[in-house]
Amino acid sequence: MPDGPLTLRTPDATGVDFRALVLTAVSGWRVLAVFGLAAVALALGALWAVPPEHTVVMIVGPTARVGSAAMGARVPVMVGRESALGAAEPGPGDEALSDYARYLELFGSGPVAERLAGDPVFLRSLFPERWSAEDGQWRPPPGLLPMTKRLLLALAGRRDWVEPDAERVARALRDRLVIDMVRSGPMRRIALRHRDRAVGLEMLVRVAAATDAHLRAEAARRSAAQIAHVKARLAGVTVTEHRRALSDLLSDQERVAMMIEVDLPFAADPIQAPTASALPDWPNPAVVVPLSGLVGLLAGAFALSVRAAWRGSVA
């Protein structure tokens, strides 16, 4: 018979004895401190090594069809129909795809990247580490990591790229651009990071302008092809009713072509012009340092748990 009352220490529902964990952490506070300080030191070193960047932000929305600041409906009411078509290329159900959806999908990629790849000023801004102003030509990036990458590629029988092309432009923009939904509406927040604030602002403006210009040129090409086709058919038709129908269709297509040429945003309206803070905001030390310290403490606690489990198994 024991002299005192019998006490049972049971773990919680997860099978973890928190009292033992607390005792282990208290007894090994030096280990926790070392891990936490080491993680903070690594975070500070990374912050010094990584160049800070500005986040350039713009907000876009679908092109307005009505209102004093709107471009107007580019698709007119067809003769004999009571309602106007609301999309540039209507289709049944989910097949309808607006110009705004194309704008968001092609922003900085695909044919837009090919258009941007033909702009030397834009390429030098996007890849400043690969452009030599003294020599006036493209070069491999300096540094230990790029040199190691080139060595590994050479061992595998390959080589690193020097002069950027459309694929490299699309890949670089895909890594830098972030498109988020604004609340639950159709507006989108487009963000781009760059070391130079002025260059980042100009770069986002160029990408947006190139995307809009590509969609405008594609719409103009389609409209011109349709007008040419209707005119060719109209020249060979003699029936009065058919000629009247083709003439109405030609008039509608010419109105579409005229609206495409209007000097207003074609696919997306800039709700908020590109802006950026005066000081770099990425990476944020106020978030990186505390998070790194927390990760270090968790790593130290894991090390202490492993050590305690090993000692228990040996005992």
Side-chain angles (χ1 to χ4, degrees), residues 60-119 122 165-167 169-170 173 179 185-188 190 205-271:
V60 298
T63 305
R65 301 298 186 214
V66 295
S68 58
M71 181 178 181
R74 293 190 299 273
V75 181
V77 181
M78 302 298 292
V79 177
R81 297 186 182 183
E82 297 180 356
S83 60
L85 298 176
E89 293 183 5
D94 294 336
E95 295 182 7
L97 185 63
S98 66
D99 294 323
Y100 182 61
R102 291 188 177 93
Y103 179 90
L104 296 177
E105 184 67 25
L106 295 178
F107 197 88
S109 63
V112 178
E114 295 181 2
R115 180 186 290 264
L116 293 171
D119 188 351
F122 181 84
D165 54 5
E167 180 185 358
V169 172
L173 290 177
I179 301 179
M187 293 188 298
R188 296 295 184 271
I190 303 177
V205 170
R206 287 177 179 267
V207 176
T211 307
D212 198 81
H214 168 73
L215 293 174
R216 186 189 300 272
E218 184 66 15
R221 182 187 67 83
R222 290 174 177 269
S223 179
Q226 293 173 358
I227 290 175
H229 178 73
V230 174
K231 286 183 177 180
R233 295 296 301 270
L234 188 60
V237 173
T238 58
V239 181
T240 304
E241 290 79 5
H242 293 175
R243 289 186 62 86
R244 183 181 300 110
L246 289 176
S247 297
D248 294 337
L249 182 59
L250 179 61
S251 177
D252 291 333
Q253 290 299 326
E254 289 177 345
R255 290 169 58 188
V256 172
M258 180 183 64
M259 294 304 300
I260 291 175
E261 296 175 356
V262 176
D263 189 16
L264 288 173
F266 177 79
D269 272 328
I271 308 300

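Count residues from 1 along the sequence. For clarity, every value in this text was computed on a predicted model and none was experimentally measured. Below, all heavy atoms of this structure are taken into account, side chains as well, without hydrogens, waters or symmetry copies.
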_Reported OG-to-CD distance for the pair Ser109 and Glu167, which is rounded to 0.5 angstrom_ = 12.5 Å
*Would you give the length of the straight line joining atom CZ of Arg255 to atom CD of Gln253, rounded to the nearest 0.5 angstrom?*
10.5 Å
_Phe107 side, atom CZ; His214 side, atom NE2 - distance, nearest 0.5 Å_ = 13.5 Å
_Residue of the set Leu234, Val237, Asp252 for which side-chain contact (heavy atoms from CB on, under 4.5 Å) holds with Ser247_ = Leu234
*Side chain Asp212, main chain Ala267, donor-acceptor under 3.5 Å*: yes
*First locate atom CZ of Arg221, then atom CD of Gln226, and finally report the distance between them rounded to the nearest 0.5 Å.*
10.0 Å
*Mind checking the CG-CG spacing from Leu173 to Leu116? Nearest 0.5 Å is all I need.*
6.5 Å
*For the residue pair Leu104 and Val60, what are the closest heavy atoms and their distance?*
CD2-CG2, 4.4 Å
*If you measure from the Lys or Arg side-chain nitrogens to the Asp or Glu carboxylate oxygens, is any gap between Arg244 and Asp248 under 4.0 Å?*
no
*How close do Glu114 and Ala166 get, heavy atom to heavy atom, and via which atoms?*
CG-CB, 3.5 Å
*Any chance you could measure Ile260, atom CD1, to Arg222, atom CZ, to the nearest 0.5 Å?*
10.5 Å
*Determine, for Arg102 against Glu105, whether the closest basic-nitrogen to carboxylate-oxygen distance falls under 4.0 angstrom.*
no
*Compare every heavy atom of Ser223 with every heavy atom of Val256, then report the nearest pair and how far apart it is.*
CG1-OG, 4.3 Å
*asked:* I need the minimum non-hydrogen distance between Arg216 and Pro265, along with the two atoms involved.
replied: NH2-C, 4.0 Å
*asked:* So which atom in Ala113 and which in Gly108 form the shortest heavy-atom distance, rounded to 0.1 Å?
replied: CB-O, 4.0 Å
*Has the side chain of Tyr100 got a donor or acceptor atom that lies under 3.5 Å from a matching backbone atom of Asp269?*
no
*Of all heavy-atom pairs between Ala217 and Arg115, which one has the smallest distance, and what is that distance?*
CB-NH2, 4.1 Å
*Determine yes or no for a side-chain-to-main-chain donor-acceptor pair under 3.5 angstrom, with Arg233 supplying the side chain and Leu246 the backbone.*
no
_N/O donor-acceptor pair under 3.5 Å between Thr63 side chain and Phe266 backbone_ = yes
